[in-house]
Amino acid sequence: MDIRTNTFCASGMHLPNGSFVTFGGNSAVTTNGAQGSQTFPDGQGSWDDFYQDYDGRRSIRIVNPCKITDSLTSSNCRWFDEPEQLSMKRRRWYSSAEPTAEGQIVIIGGFVNGGYINRFLPNDDPAFERGSAEPTYEYFPPKDGEPQIVNFVVRTSGLNSYPHTFLMPSGRMMLQANVSTGKFFSFRCSLHRILIHS
């Protein structure tokens, strides 16, 4: 089942109707991990001729549930991967995706580019790690407004890949990220915003 964008290190979650959705991924890369054959002005890959894929960092991809009797070549059973029509507000890879009780998904944190470095030293930009981190959250389906910073992700200071997220019976969500914290924080999910509590 072909997809158009790079899914390496994407996050994913089931939707209430049984479909599966993935969020983000890597930029377009080629052999040996080099940036793709076409790049953005910042040097990140936008397209690669060898692997035939586009930058996946803002991508949202959805596949519907199919029966064993369905043809996997039918449009109903194929990935919808059209970044021009459906994408996240921010570039993310290694982000987390956690459902809310209302049937939405919260996409939290992640890298923007780079990776493999937990934090830069000196630690002079704990929020954005010199342009490598995305310490915000956003919703799927998307909501109005810009993604808001998750202070917990900033406090754990670093490129928090796949923060651990747990939806609690209270409707609050607990997060754990990085080795720099030994304590849990929670935030309440609502239809309009997330409030951080420690």
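When reading the values below, keep in mind they use all heavy atoms of this one structure, side chains included, and skip hydrogens, waters and symmetry mates. Please read all numbers here as calculations on a predicted model, not as lab measurements.
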key: Inter-residue atom distance Thr7.OG1 - Asp81.CG, 0.5 Å rounding   = 9.0 Å
request  = Please report the closest heavy-atom contact between Tyr162 and Ser96, naming both atoms and the distance.
outcome  = C-OG, 3.2 Å
note = Rounded to the nearest 0.5 angstrom, the CG-CG distance for Asp48 and Asn6 is 9.0 Å
Side chain to side chain contact (heavy atoms under 4.5 Å, CB included) between Trp47 and Ser37, worked out = CA-CA 6 Å; Trp47 164 257; Ser37 53; 3.9 Å; yes
message = So, taking the atom named CG in Asn26 and the one named CD in Gln44, what distance separates them when rounded to the nearest 0.5 Å?
response = 7.5 Å
message = Can you give me the closest heavy-atom contact between Val150 and Thr136, atom names plus distance?
response = CG2-C, 4.0 Å
same_hphob_cluster(Val106, Phe152) at 4.5 Å side-chain heavy-atom cutoff = yes
key: Non-neighbouring partners of Asp124 that pass salt bridge (charged side-chain N to carboxylate O under 4.0 Å, His left out), sequence neighbours left out   = Arg130
request  = Go through the steps to decide whether Glu82 and Arg4 satisfy the test side chain to side chain contact (heavy atoms under 4.5 Å, CB included), and finish with yes or no.
outcome  = CA-CA 8 Å; Glu82 301 292 336; Arg4 296 181 60 204; 2.8 Å; yes
task = Work out which heavy atom in Pro65 is nearest to a heavy atom in Asn17; give both atom names and the distance.
result = CG-O, 4.1 Å
query = When rounded to the nearest 0.5 angstrom, what distance separates CG in Leu167 from CE in Met174?
reply = 11.0 Å
task = Output, in order, the C-alpha distance, side-chain angles, deciding distance and verdict of side chain to side chain contact (heavy atoms under 4.5 Å, CB included) for Ile62 and Leu86.
result = CA-CA 10 Å; Ile62 301 174; Leu86 183 64; 3.9 Å; yes
note = Closest heavy-atom pair, Thr5 versus Pro83, reported as atoms and distance to 0.1 Å, is CG2-CG, 3.6 Å
ask   = Donor-acceptor pair, Thr30 side chain versus Ala34 backbone, under 3.5 Å?
value = no
message = Please say yes or no: joined through hydrophobic side-chain contacts below 4.5 Å, possibly via intermediate residues, are Ile107 and Phe80 part of one cluster?
response = yes
ask   = Going by the angle between their ring planes, with limits at 30° and 60°, are Tyr137 and Tyr139 parallel, tilted or perpendicular?
value = perpendicular
ask   = Tyr94 vs Phe8 aromatic rings, parallel, tilted or perpendicular, using cut-offs 30° and 60°?
value = perpendicular
request  = Please lay out, stage by stage, how Ser27 and Asp55 fare under the test side chain to side chain donor-acceptor pair (under 3.5 Å).
outcome  = CA-CA 4 Å; Ser27 61; Asp55 176 20; 5.1 Å; no
query = For the atom pair CZ (Arg57) and OG (Ser95), what is the distance rounded to the nearest 0.5 Å?
reply = 13.0 Å
key: Shared hydrophobic cluster for Phe40 and Val29 (ILVMFWY, side-chain gaps under 4.5 Å)   = no
ask   = Which heavy-atom pair separates Ile108 from Met173 by the least distance, and what is that distance?
value = CD1-SD, 4.0 Å
ask   = So, Arg58 side chain and Arg91 main chain: donor-acceptor pair closer than 3.5 Å or not?
value = no
query = Among the clusters formed by ILVMFWY side chains lying less than 4.5 Å apart, do Val63 and Ile60 turn up in the same one?
reply = no
ask   = Rounded to the nearest 0.5 Å, how far does OG of Ser71 lie from CZ of Arg78?
value = 8.0 Å
task = Inspect the contact between Glu146 and Lys89 and indicate whether a charged nitrogen and a carboxylate oxygen are less than 4.0 angstrom apart.
result = no
inquiry  = Restricting to non-hydrogen atoms, name the atom on Arg92 and the atom on Gly109 that form the minimum distance, rounded to 0.1 Å.
reply    = NH1-O, 3.0 Å
request  = Report whether Trp79 and Leu15 are members of the same hydrophobic cluster (ILVMFWY, side-chain heavy atoms less than 4.5 Å apart, transitive linking).
outcome  = no
